[in-house]
Amino acid sequence: MQKDDIRLALQLMKQELKVSWFSFIGLFLYFSLFSILFYTGFSAQGARFVGLDLFFIMLFVFGPIWFKAKGLQFQKISSSTWASPTVVLALSLPIQKQVIVIKSILMYLLSSLPYQLYMFVALYLISPTIRDMMEIDAYISLTIIWLSFGIYTGLGVLIIDIGSNTNVSKLTTFLSILLLLGVILLIFYFPFFFTYGVVEWTIIIANKWPFLSAIISIIAAVVGFNYWKSKMIKQFKQVDFL
Amino acid sequence: MDPLLYIENLEKDVDDFHLGPVNLTIEPGTITALIGNNGSGKSTLLKLIMNLAQPEMGNIKVNNLLVHGNNESWKKLIAYQPQTIIGWDPFTGNALKEMIAPLYPNWDETLFQKMVDLFNIPLHKKFGKLSQGVQQKLNLALTIPRNTPLLILDEPTSYMDIPSKKILIDLLVDWMEAGDRSIIIASHQIDDIRKLSDYLFVLHDGEVIGHFEKEELMERYARYWISEPLPEAPIPGEVSREGNVLLSENPEATESYLEANNTRWNNRSSLEMDDVITLLLNTTTTL
Amino acid sequence: MDLPIKISKDSREPIYHQIVNQFKALIAGGHLARGTPLPSIRALSKDLEISIITTRRAYQDLEVQGFIKTLQGKGTFVADISEDLKEEVKVTSVHNILENAVETALSYDYTLEQVKAIFLEILQAKEKGDS
């Protein structure tokens, strides 16, 4: 990434941010609501987190893209093309594809990381259960694990912003739904197969190997970031913006 | 001089629609009208030029740079106004100008202000809240002042009122005075074609009908009022006849035949531009 | 600038030729004085609804024949032409117009004798009007 690219990306973001203040308030309320849900669930179950994994994961994977301003939201732009309108806007201007991608990613990070961080800080402050269960270093590690998870999975979802043509086969659609259903079932039945749920396992790992798990997560986030970034740039070649 | 735009053997499939092969060269200093029936592939062709879609075959070069290559610096040379603008809705005219103007080194602020005044465009309103005609005006005001060597307009005036259309024609004529600039304009407005274009590039259902110099095209057709009865068999160049009026797409051949047969005509007239276009786009029509 | 130039797309005379002849007549007749700026090629093309290819050809012809001159970066102006040339143009243009009139008459199946009669009639009317 070059300095000029980031500067231009920020310049483009400026106007998007101006029309996005409403969605930033929305994100704040949304994460506050989930913080309360997780806090209540955690306290009620006596330091267990069963049944809430799906919400937790969804919040990190899809959360940030739910709350975009109407005109910026991923949408149908023509009979067979779906994309983020801002991407299409930028494509007709002398803006390099990687700058468009960097702008999308920055916009994504800005609407995810601060709120996720806010949720973790809030949970630690309001929940004695969590404070009893984890030392501060383990909790920081847990935060890093999940923030990183948000980056390497969330950016994979962000690729839909670049665009796609809807001429996918019925088989592909069917298999995608099947896969999604499988993942949901897996997350749901995780505690039955592996004693603990996904979130609980990350707590256990963060408690046991706080430093190692944080490092691995950061590496995964960096690798994921670069992987999705180049994948998004390549995605432009797959799409007809007709 | 290298052509500004060079298109070679371009082909594109969209579902069961096929465009091409398209071969087209745009020289600096010229205005080319892109003509075609609805769904003839005009917008698709323009989007292919902007690298907004991937062709099945062929090459497009802008100033000798392949548009689908890794070097995207050619984008600074084209100002493109799409038929349906996407992504502008949440922004005001002021915000859009702040976003677009710095991207073009030759941005003409004076011309922008002039157009805003002429067209009476409110810059503080969100684009999505403007009427379609005003949207087109704002769109033009944010496209023409980019002062790029190539200006591509895809049906820019379809919703605009008649006075504004006239203003635009004058603005574009002025804009062309700079010399080496070129315009490609897809339009159904007969005035745009008559007053602005030097060349016509004609598409019909994805197929290229031809690339004509305007007068050359006009001279290809003539109508004759024949004073004597005509033979039953078709006459060379004949497109159609109605009573004693003969329409020819090859006046030279028709006239030499008539002269050889001592058939006299007491009037000969050229066709109107819209008649010529109708003939080009629908060969079965009689006029 | 509005110039009294009218081109006929129905005429068999090529368009660029019509433009050249009309400019010559305007200049020779003194309607366009020496040094008068002419419209740009693009602006004239728009007014006459023709391509710049045709307009440019007409301007080039006029320039070669010495009726106009182009100053780099300033535009095109009416040149200084000699009285002889002016005279020649006047004669040619009158000649052309009369010839066209005769052609038209012939296409309406008039005989040359009839054309001559019409011509004399017009001349006589003029003479009466003047006296």
Side-chain angles (χ1 to χ4, degrees), chain A residues 4-5 7-23 68-100 103-104 161-163 165-167 233-242, chain B residues 12-15 17 19 41 43-56 62 68 70-92 94-105 107 126-129 139 142-143 146 148 152 154:
Chain A
D4 285 349
D5 289 351
R7 216 194 50 224
L8 183 54
L10 288 172
Q11 187 190 315
L12 291 169
M13 255 172 75
K14 211 173 106 189
Q15 304 303 335
E16 284 185 38
L17 289 175
K18 275 189 196 168
V19 297
S20 297
W21 60 271
F22 191 76
S23 49
K68 273 198 186 173
K70 203 174 130 222
L72 310 178
Q73 186 74 263
F74 162 78
Q75 56 191 253
K76 190 173 186 168
I77 58 158
S78 70
S79 59
S80 65
T81 312
W82 289 75
S84 161
T86 54
V87 167
V88 184
L89 159 62
L91 268 179
S92 314
L93 297 170
I95 297 167
Q96 299 228 322
K97 294 196 169 106
Q98 62 166 338
V99 176
I100 301 175
K103 190 218 68 191
S104 289
D161 263 14
I162 299 302
N165 293 121
T166 44
N167 44 12
I233 293 171
K234 283 194 196 119
Q235 176 70 9
F236 281 113
K237 285 221 180 287
Q238 312 296 320
V239 187
D240 282 344
F241 296 90
L242 291 172
Chain B
K12 174 71 184 167
D13 291 315
V14 187
D15 302 325
F17 171 78
L19 172 69
S43 293
T44 304
L45 175 60
L46 297 180
K47 283 178 180 174
L48 285 165
I49 295 173
M50 287 308 289
N51 196 27
L52 291 170
Q54 311 299 315
E56 257 66 50
V62 174
H68 53 262
N70 285 328
N71 185 339
E72 296 177 81
S73 61
W74 58 269
K75 277 195 174 180
K76 278 214 183 311
L77 307 176
I78 305 183
Y80 164 63
Q81 171 166 346
Q83 195 182 355
T84 353
I85 190 110
I86 290 161
W88 285 28
D89 280 0
F91 304 109
T92 64
N94 282 320
L96 287 164
K97 199 204 82 179
E98 245 181 88
M99 203 187 299
I100 292 167
L103 298 170
Y104 297 89
W107 174 262
K126 283 193 177 171
F127 188 80
K129 302 261 184 242
N139 209 335
L142 287 169
T143 306
R146 298 177 193 177
T148 51
I152 296 180
D154 193 353

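Sequence lines set the chain letters: A, B, ... in the order given, protein chains first and strands last, and positions in each chain run from 1.
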Exercise. Are the side chains of A:Leu91 and B:Lys75 in touch, meaning some heavy atoms are under 4.5 Å apart?
Worked result: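 Contact flag for A:Leu91/B:Lys75 side chains = yes.
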
Exercise. With A:Lys97, which residues qualify under salt bridge (charged side-chain N to carboxylate O under 4.0 Å, His left out), at least two apart?
Worked result: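 B:Glu72.
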
Which region of [X], side chain (C-beta onward) or backbone (N, CA, C, O), has a non-hydrogen atom less than 4.5 Å from a non-hydrogen atom of chain B, or is it both or neither?
{"X": "A:Ile95", "result": "both"}
{"X": "A:Gln75", "result": "neither"}
{"X": "A:Gln96", "result": "both"}

Exercise. Have B:Thr92 and B:Asn94 got a donor and an acceptor in their side chains that come within less than 3.5 Å?
Worked result: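 No donor-acceptor contact under 3.5 Å links the two side chains.
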
Exercise. Where on B:Lys76 is there a heavy atom nearer than 4.5 Å to chain A: the side chain, the backbone, both, or neither?
Worked result: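 Contact with chain A involves both backbone and side-chain atoms of B:Lys76.
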
Exercise answer: donor-acceptor pairs, residues 233-240 of chain A side-chain atoms, under 3.5 Å, sequence neighbours excluded:
| residue | atom | partner | partner atom | Å |
| --- | --- | --- | --- | --- |
| A:Gln235 | NE2 | A:Gly163 | O | 2.9 |
| A:Lys237 | NZ | B:His68 | O | 3.1 |
| A:Asp240 | OD1 | B:Lys12 | NZ | 3.4 |
| A:Asp240 | OD1 | B:Gln54 | N | 2.8 |
| A:Asp240 | OD2 | B:Lys12 | NZ | 2.4 |

Problem set entry | B:Phe17, CZ atom: more than 12 neighbouring heavy atoms under 6.0 Å |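 Yes, CZ of B:Phe17 has more than 12 neighbouring heavy atoms, counting only those of other groups under 6.0 Å.
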
For this session: Using a cut-off of under 4.5 Å on heavy-atom pairs, state which of B:Leu103, B:Asp89, B:Thr148 scores highest against chain A.
Result: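 Of the options given, most contacts go to B:Leu103.
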
Exercise. Counting heavy-atom pairs under 4.5 Å to chain A, which of B:Phe91, B:Tyr80, B:Trp74 comes out on top?
Worked result: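 Sorted descending by pairs with chain A, the first entry is B:Phe91.
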
Exercise. With chain B, which of A:Leu242, A:Ile77, A:Thr86 has the greatest number of heavy-atom pairs at distances under 4.5 Å?
Worked result: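 Answer, by heavy-atom pair count under 4.5 Å with chain B: A:Leu242.
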
Exercise. If every non-hydrogen atom of B:Lys97 is compared with every non-hydrogen atom of B:Pro102, which pair is closest and at what distance?
Worked result: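 For B:Lys97 versus B:Pro102, the nearest heavy atoms are O-CD, 3.8 Å.
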
